[in-house]
Novice: 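The following block contains the structure, expressed as structure tokens.
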There are 2 protein chains.
Amino acid sequence: MSKNEMCCMRCNHELCASRVQIFSELNKEELGRVVSLITRKHYSKGELIIIEGSTLDNLIIINSGQVKIFRNTQEGKEQILYVFTEGDFFGEKNLIKNQVATFNVEALEDTNICMIKKSDFQTLLRKFPDISLKIMEELSNRLDKLESTIQKMGTRNVEARVNAVLLEFANKYGKHDARGILVDLPLSREGIANYIGLTRETISRKMSLLMDEGIIEMVGYKKIIIKNIQALEQSIE
Amino acid sequence: MSKNEMCCMRCNHELCASRVQIFSELNKEELGRVVSLITRKHYSKGELIIIEGSTLDNLIIINSGQVKIFRNTQEGKEQILYVFTEGDFFGEKNLIKNQVATFNVEALEDTNICMIKKSDFQTLLRKFPDISLKIMEELSNRLDKLESTIQKMGTRNVEARVNAVLLEFANKYGKHDARGILVDLPLSREGIANYIGLTRETISRKMSLLMDEGIIEMVGYKKIIIKNIQALEQSIE
DNA sequence: ATAAAACTGTGATTGAAATCAAATAGTAAG
DNA sequence: CTTACTATTTGATTTCAATCACAGTTTTAT
């Protein structure tokens with residue numbers, strides 16, 4: 001049995017729809033109608049889900065796993081725009097006229113996605129205007145986040161940018177334990193660098209400083225423990 | 001007679017609604033209904049329209065004039081996020097739950113705005129789902145723009161950022177004439193600096209270089225003529 | 001368990017924009 | 001039209017992240 005089928009058996013598509021914020025106003029029956037429009041797919045860690053320039057005529061919702069959304073800069077480095085996880089969606093752009101993707105999407109770990117054809121989705125939006133309101137809300141949140149990112153990138157305050165990323169990951173992936181907040185980092189040092197427009201080495205150095213100050217602790221390369229979250233929060237404003 | 005009244009006489013509110021992209025799918029009668037929900041206001045150059053932290057329970061559409069949307073950074077500098085002009089709107093955030101503004105808005109010149117209460121606007125959206133699609137489209141466009149901005153800020157390529165701003169202003173405000181594209185700059189050097197996260201002096205120096213290269217020409221401090229737009233376009237990709 | 005591969009940390013150097021400091025040009029108010 | 005004021009340009013210096021180089025560590029695949 002393929003991973004794909006296994007996954008479908010387990011959730012009968014419903015997980016996709018029900019765990020997604022944008023469908024949260026729908027009742028059981030309406031949800032059922034949405035679910036009937038969904039097809040699913042599995043990607044292994046490292047696989048490209050979307051390539052910049054390809055046509056993208058589906059709305060894609062992440063059911064499990066996580067992905068990075070990135071573009072390539074002039075110099076060939078990747079600029080990571082978002083790290084999306086369970087419940088996040090993308091491909092909502094150009095709902096009206098289909099256009100090619102302006103970004104790449106790569107699975108950061110094994111990931112299951114749900115897809116709805118844009119044409120189907122449009123019909124859905126006209127039938128349930130509340131979904132639109134939810135999407136607008138989410139788009140507004142993203143705008144907020146990007147605006148803050150730009151604000152941070154605008155200042156020369158490199159420490160604040162690094163600390164802000166660590167806080168973001170702490171909020172998304174952090175688990176409290178006796179030693180502090182244990183955070184599974186979704187990105188390597190280089191990934192973090194590409195996310196906030198710095199270099200690998202600078203991330204290393206800034207994180208080492210945070211360790212010297214006792215604010216964080218490193219557990220291997222992929223986990224950190226935040227010992228003093230207030231210190232991080234203060235530094236970013 | 002106040003400016004406000006004069007303005008209302010002139011356009012009977014209709015201009016606001018009709019010249020705005022998001023209402024473009026509505027017919028005359030529907031437009032009339034929208035117009036009945038609108039109130040208007042005039043601001044002089046330099047006046048603050050919205051202050052960060054104040055409650056913002058209106059959708060605001062710019063009828064004439066232009067404004068800058070900005071936040072204050074830690075160091076007290078302003079980070080300009082958008083320069084909005086006729087037909088642009090803001091305040092669409094938190095349509096559901098009213099929240100305080102996360103930004104300031106200041107009139108860059110004499111400006112007339114149209115306001116619709118968020119609650120009224122929500123009703124409108126439920127009645128005309130196509131408006132939602134239009135708004136999503138616009139929000140997507142803004143996301144696109146911010147994503148590109150981040151991509152540019154991510155690179156250390158300062159020239160590209162400066163050139164991109166000049167191109168943006170050329171597209172928005174440029175008028176072709178015999179000498180090239182005449183652009184009325186909406187922002188001072190310092191304003192431009194605050195828009196793209198550099199300093200006043202760096203903007204001066206980069207613009208002087210562009211002049212030495214014959215790519216632009218300065219007409220006083222507030223206008224430029226772009227002599228070689230291809231050169232600018234090439235530099236940003 | 002082990003070895004290969006990938007990632008990370010750190011020192012030395014470089015380079016480019018920030019900062020500091022005047023001088024100059026443009027704008028606005030009367 | 002003149003004057004005062006404000007914005008801009010330009011030069012000298014400083015600062016800090018990028019870059020280069022390489023050693024050390026962790027992860028992964030077998």
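Reminder, nothing fancy here: chain letters follow the sequence lines and each chain counts from 1.
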Novice: Look at the side chain of A:Y221 and the base of D:dT25, then say whether one donor and one acceptor between them are separated by less than 3.5 Å.
Specialist: yes
Novice: For a quick check, tell me whether the side chain of B:R200 and the base of D:dT10 share a donor-acceptor pair closer than 3.5 Å.
Specialist: no
Novice: Are the side chain of A:Q21 and the backbone of A:D88 linked by a donor-acceptor contact shorter than 3.5 Å?
Specialist: no
Novice: Within this structure, what is the CG-to-P distance between B:N194 and D:dT8, rounded to whole angstrom?
Specialist: 11 Å
Novice: Does the plane of the ring in A:F84 sit parallel, tilted or perpendicular to the ring in A:Y82? Use 30° and 60° as the thresholds.
Specialist: parallel
Novice: Is there a side-chain polar atom (N or O) of B:K222 under 4.0 Å from OP1 or OP2 of D:dT8?
Specialist: no
Novice: Nearest whole Å is fine: how far is C:dT27 C1' from B:L185 CG?
Specialist: 15 Å
Novice: Quick one: is D:dT28 close enough that its OP1 or OP2 comes under 4.0 Å of any side-chain N or O from A:K45?
Specialist: yes
Novice: I need the CG-P distance between B:N157 and D:dT19, as an integer number of Å.
Specialist: 12 Å
Novice: Would you indicate, yes or no, if D:dT10 has its OP1 or OP2 atom less than 4.0 angstrom from a side-chain nitrogen or oxygen of B:S208?
Specialist: yes
Novice: Under 3.5 Å, is there any donor-acceptor pair linking the side chain of A:R156 to the base of D:dT14?
Specialist: no
Novice: When you measure from the side chain of B:S204, which nucleotide among C:dC7, D:dA17, D:dT10 comes out closest?
Specialist: D:dT10
Novice: If you check every side-chain atom of A:T202, which of D:dA12, C:dT8, D:dA17 has the closest atom?
Specialist: D:dA17
Novice: Rounded to whole Å, please give me the gap between CD in A:E201 and C1' in C:dG11.
Specialist: 12 Å
Novice: Ignoring backbone atoms, test whether A:T199 places a side-chain nitrogen or oxygen under 4.0 Å from the OP1 or OP2 oxygen of D:dA18.
Specialist: yes
